[in-house]
Enquirer: 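Take this structure first; my questions come after.
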Amino acid sequence: MPQWLKDAVFYEIYPQSFYDTNGDGIGDLQGIIEKLDYVKDLGCNAIWLNPIYDSPFMDAGYDVRDYKKVAPRYGTNEDAVRLFEQAHKKGIKILLDLVPGHTSDTHQWFSQAKQSTDSPLAGRYIFTNSVWEAPPQYKFMCGICPRDGNYLVNFFSSQPALNYGFYDITHPDWQMPCDHPDCLATVEALKDIMRFWLDLGADGFRVDMADSLVKNDEEKIATAKIWRGIREMLDKDYPQAALVSEWSNPERAINNAGFHMDFCLDHCKNANNYLFRYTEDGENKGFFNKNGKGNIMDFVRAYVPGYEKTKGNGYISMFTCNHDTPRLTNYIEKEAIKLGYAVIFTLPGVPFLYYGDEIGMKYAKNIPSVEGGFNRTGSRTPMQWNSGKNLGFSSSDKPYIPVDSSEGAPTVENQKSDPDSIYKVVTDIIRLRHENEDLQADGDFEVVYAEENTFPFIYRRGAFVIAVNPSAKEVSVDIDLPVSETIYKINDSKAEDGRVTMGAQSFLMIKTK
Ligand code: NOJ
């Protein structure tokens, strides 16, 4: 287990929207290098960088054309190495985004594979044996390449699925078992890409659609086996390299597949969803909504079993948002967001902060889709730095996605100087986390008070007890906490005389004796 994960707090950077230094309207690696001190000042000591590889950008770079080349719009491989070096000097680790399940249909592997079954890479992708065969349970592209056969895609039509084989073989004429030499060669190709970037100085990978490798693998048995093999490679040759999975099933991802961390994504009715974005009959019923309609027990039931089962093996990664998810500002307001972040950064595991969330950037509704973003484009608008042109993102007259033009749009500049800002809470809580091992990834976690449809929620992290009341009403509960010190508060709240009293929308962190 990479030791640095114990106190890691990640910042997700969507490179095209972070900081543009060459005036072409798109962010670049030099821009990230120039903002490393900003990341450090936030208290983040690790970065997850969305794909930076050469790509036609039909899916924002998740359609890779060349895994070993930085997209020219971001810079060069040398710039990536400089980024690793500069980040390391500042104590910041960098995880790249690994896209193992599919490539762009412009990748040279695919250009070869689509020609004919005689191509040396014919087995790198999943093709049927005839253009007339396309079983409807699979997503095939039909009749569009010289080779007689249809190919499977993973996500958009431009993303042919790489061939790691099938676990349950239902069509033996075209489905290969996972131990077929062509499937094993795909795994080797993946390892080769990982080694390439680790050798250049990357600190690991966020793994896109990590559960998607082997097809017809309902229980993910064969997919987990591939990742365990990769983890063995890391343990042996790169023991400080870290892997975080886009999977959202901690038992499978951590215990079975060997990931160090697993994202708790915003999937309907999972732990993250119940905290923030859970919506029923058009009404937001997330726990942090001040309407008081959320149920903390939904979160507890979704979160605690996975935590208990994976404790000691790896970490659940809660996030504020990511590039696929509407920002929290779409659901709840400033005070609620502060409370939500204070909880995310005091739960066990390794938390992730999405760029711009620290200043309360908005989810831009109804803007045109850019680079295959569709409704996700609203969470991918350019970072808002200051009051200058394009809020400091770019000197271009036409940023590739429009910058928030609303009056009073938050910027780093105006939020940093506001003592009542989300930025202040984020930086305060992250600082407390770094200062106290009990609040970090491995610190003990225990639910102290959680009742159906009731506020507050109280939990213990080692010597700390944390209480939160997102509802608009004051609540109190009889609990005798041996308070030695109040460490942090948002709005009115206190723990004394055998009672915890939490004002409307409040947060309290105390240290016990
Ligand atoms: C998940 C990524 O987060 C998303 O942005 C991408 O479109 C799909 N995987 C396909 O790679």
Side-chain angles (χ1 to χ4, degrees), residues 10-18 27 47-67 71 74 95-107 109-110 125-126 138-139 141 151-164 186 190 193 204-215 220 223 227 243-249 253 259 261-268 270 272-273 277 317-327 352-357 363-364 369-381 400-401:
F10 274 84
Y11 191 65
E12 177 188 348
I13 294 184
Y14 190 72
Q16 48 270 66
S17 295
F18 200 54
I47 289 172
W48 155 28
L49 206 51
N50 293 101
I52 55 168
Y53 319 108
D54 187 32
S55 164
F57 294 98
M58 297 296 288
D59 182 17
Y62 285 95
D63 47 330
V64 179
R65 180 159 53 204
D66 185 343
Y67 287 101
Y74 295 139
L95 296 201
L96 296 180
D97 211 315
L98 185 69
V99 190
H102 45 267
T103 66
S104 156
D105 57 4
T106 60
H107 194 291
W109 293 341
F110 190 70
Y125 296 85
I126 303 169
Y138 302 99
K139 225 158 121 188
M141 293 300 289
Y151 62 91
L152 204 80
V153 297
N154 251 4
F155 198 70
F156 290 151
S157 305
S158 58
Q159 290 161 308
L162 284 161
N163 184 17
Y164 294 89
T186 309
L190 178 63
I193 294 161
F205 302 92
R206 171 269 187 181
V207 179
D208 186 68
M209 293 172 67
D211 66 337
S212 74
L213 304 192
V214 176
K215 307 303 181 202
K220 307 292 173 191
T223 300
W227 289 117
L243 289 183
V244 53
S245 51
E246 187 194 31
W247 195 317
S248 260
N249 185 326
F259 279 89
M261 303 168 268
D262 182 42
F263 273 116
C264 184
L265 301 168
D266 174 53
H267 284 171
C268 187
N270 80 355
N272 196 314
N273 186 249
R277 296 173 179 85
S317 282
M318 298 297 283
F319 64 24
T320 59
C321 187
N322 75 1
H323 63 289
D324 294 329
T325 310
R327 289 191 191 266
F352 281 65
L353 171 65
Y354 183 51
Y355 84 94
D357 278 351
Y363 171 70
S369 173
V370 176
E371 299 188 345
F374 300 93
N375 62 327
R376 305 175 295 181
T377 310
S379 290
R380 300 175 175 185
T381 56
Y400 89 110
I401 295 180

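Every number for a ligand or one of its atoms is a count from 1 in the order of the listing. Throughout, numbering of the chain's residues begins at 1 and tracks the sequence. None of the values given here were measured: they were computed from a predicted structure.
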Enquirer: By side-chain contact (heavy atoms from CB on, under 4.5 Å), which residues pair with S158, not counting sequence neighbours?
Expert: M58, D105, F156

Enquirer: If only side-chain N and O atoms count, and only distance matters, is there a donor-acceptor pair under 3.5 Å linking T103 with Y125?
Expert: yes

Enquirer: Compute both the distance and the angle, then confirm whether R327 meets the cation-pi test with Y355: under 6.0 Å from the six-membered ring centre, within 45 degrees of the axis.
Expert: yes

Enquirer: Using a strict cut-off of under 4.0 Å between a residue heavy atom and any atom of ligand 1, list the qualifying protein residues by chain and number.
Expert: D59, Y62, H102, F155, R206, D208, M209, E246, H323, D324, R376, R380

Enquirer: Please identify each residue that fulfils ring pair (Phe, Tyr, Trp, His ring centres under 6.0 Å) with F205, with sequence neighbours left out.
Expert: none

Enquirer: When you compare the side chain of Y164 with that of P100, does any pair of heavy atoms fall below 4.5 Å?
Expert: yes

Enquirer: Can you name the residues that form a side-chain contact (heavy atoms from CB on, under 4.5 Å) with D211, not counting sequence neighbours?
Expert: K220, W247

